[in-house]
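Below is one structure; the comments refer to it alone.
In the text below, chain A, chain B and the rest are named by the order of the sequence lines, each starting its count at 1.
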2 protein chains.
Amino acid sequence: MKPNRKEEIILKAAQLFKEKGYNAVSMRDLAQDLGIKAASLYNHIHSKQEILEGIIMQVARDFTLHIHEVSPKPISAIQKLEEIIQMHIDLTIQKTDFLACMNNDWMHLEEENRANYIDMRADYETKFREILQEGIAAKELKESDPEIMLFSILSTLRTFYLWYAKNKNINPNVLKKDLTQTLLQGIIV
Amino acid sequence: MKPNRKEEIILKAAQLFKEKGYNAVSMRDLAQDLGIKAASLYNHIHSKQEILEGIIMQVARDFTLHIHEVSPKPISAIQKLEEIIQMHIDLTIQKTDFLACMNNDWMHLEEENRANYIDMRADYETKFREILQEGIAAKELKESDPEIMLFSILSTLRTFYLWYAKNKNINPNVLKKDLTQTLLQGIIV
DNA sequence: GTCTATAGCGTGATAGAC
DNA sequence: GTCTATCACGCTATAGAC
């Protein structure tokens, strides 16, 4: 459970990247926050890019794995959506900085990793879209444009870490109830 | 209507910043895209920072002005929300790159401008919050947590340019109808 | 595993010719 | 209004001592 030095570096980097963005954080900044010199970082990691990759790919995999787990379950589309919302809340709470970094800095991944990330994101959206279409076909969901539903829900879930940063003391169960209601049932009486 | 050289620079900069982020775009990159040398840019602008300021403050003012216009109208809270959604759609269509840049790069504004931007954003959220509370008090809106409603709607509207970039050929009226329905009435039948 | 020193390059910005 | 040339600095990353 105790993080080794490499993990410590990645953890601190995620924190700094979240605040200033990948390009605005230098290896000197990162080293200073860890109480060492920049050159010493290279005993634990090969490059700045490797740090970014470590952050983004880890959490991207979490999302991918989870949606592939929920998708085939023998439950209603609405229940699947509730599980997905719960997952986003959980990951937001556990890995705030990693998630923020993924959202803001994925375009700074180099060639191969960026292509990889884009594929994973597309796969995630496809699975999500299928659940929405399933719900519409079963008449659980409205006959509205599923692309707009997808974007609307996902944009809220993806940037939820911004809200959570300012409201860390909320009860997670109340949060889940309120967020699910707002996203699925809207705000109008 | 024809943009002068300074406006041309700002327009092209917004486009590049949107794709790569402020720090990843050099003055040399920007100049090359305009077909001139980096040094020539400085005949039209004083600094890179001034370009960022020009982009962000312009669109931040648009939002602030508009919500102060809608807020005191003698119409229902729901009608106000509909007007706000319409405004976000309009600005997304007219100023996609500026909006993207504001969302992604505001933290790279320097001291004074950043403080200014943060104030404007807080003011915008306050006005928005008041409309939601007004709607709850009038029993037009559900008795759910207004902070979650605020965040949920606003996060979708703020990142809407991401969706629009891939769906430019949608009919604006259909878009408004579907987005309003999804945000206000949810997706469940 | 950390340090000092430094290579090699890219950056924002300026001076001054045309 | 654009150019060439250049300054001063910050960046990632490496070499090699301890």
Protein-nucleotide distance ([X], atom [atom1]; [N], atom [atom2]), rounded to Å:
X: Leu34(B); N: dG1(D); atom1: CG; atom2: P; result: 14 Å
X: His108(A); N: dT12(D); atom1: NE2; atom2: C1'; result: 16 Å
X: Lys20(A); N: dG10(D); atom1: NZ; atom2: P; result: 14 Å
X: Met27(A); N: dG10(C); atom1: CE; atom2: P; result: 18 Å
X: Gln49(B); N: dG12(C); atom1: CD; atom2: P; result: 12 Å
X: Leu30(A); N: dT12(D); atom1: CG; atom2: P; result: 9 Å
X: Lys37(B); N: dG12(C); atom1: NZ; atom2: P; result: 15 Å
X: Asn23(B); N: dG10(C); atom1: CG; atom2: P; result: 17 Å

Original post:
Looking only at side chains, do Thr156(A) and Ser155(B) share a donor and an acceptor under 3.5 Å apart?
Top reply: yes
Counting only side-chain N and O atoms of [X], is one of them less than 4.0 Å from OP1 or OP2 of [N]?
X: Lys48(B); N: dG12(C); result: yes
X: Ser26(A); N: dC11(D); result: yes
X: Ser40(B); N: dC3(D); result: yes
X: Tyr42(A); N: dT14(D); result: no

Original post:
So, is the end of the Lys127(A) side chain (NZ or CZ) under 6.0 Å from the ring centre of Phe63(A) and within 45° of the ring's axis?
Top reply: no
Original post:
Of Arg28(A) and His44(A), whose nearest nucleotide on DNA chain C comes first from the 5' end?
Top reply: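 Result of the comparison: His44(A).
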**OP:** Hey, could you give me each pair passing salt bridge (Lys or Arg N to Asp or Glu O under 4.0 Å) that has a residue in residues 71-80 of chain A? Not counting sequence neighbours.
**Re:** Lys73(A)-Glu83(A), Lys80(A)-Glu134(A)
Original post:
Hey, quick one: are Phe128(A) and Trp163(B) part of the same hydrophobic cluster, counting side-chain heavy atoms closer than 4.5 Å, chains of contacts allowed?
Top reply: no
Original post:
Under 4.0 angstrom, heavy atoms only, what part of the nucleic acid is Arg5(B) near: base, sugar-phosphate, or nothing?
Top reply: sugar-phosphate
Subject >> Note, Ile51(B) side chain near Leu30(B) side chain (heavy atom, < 4.5 Å) >> reply: yes
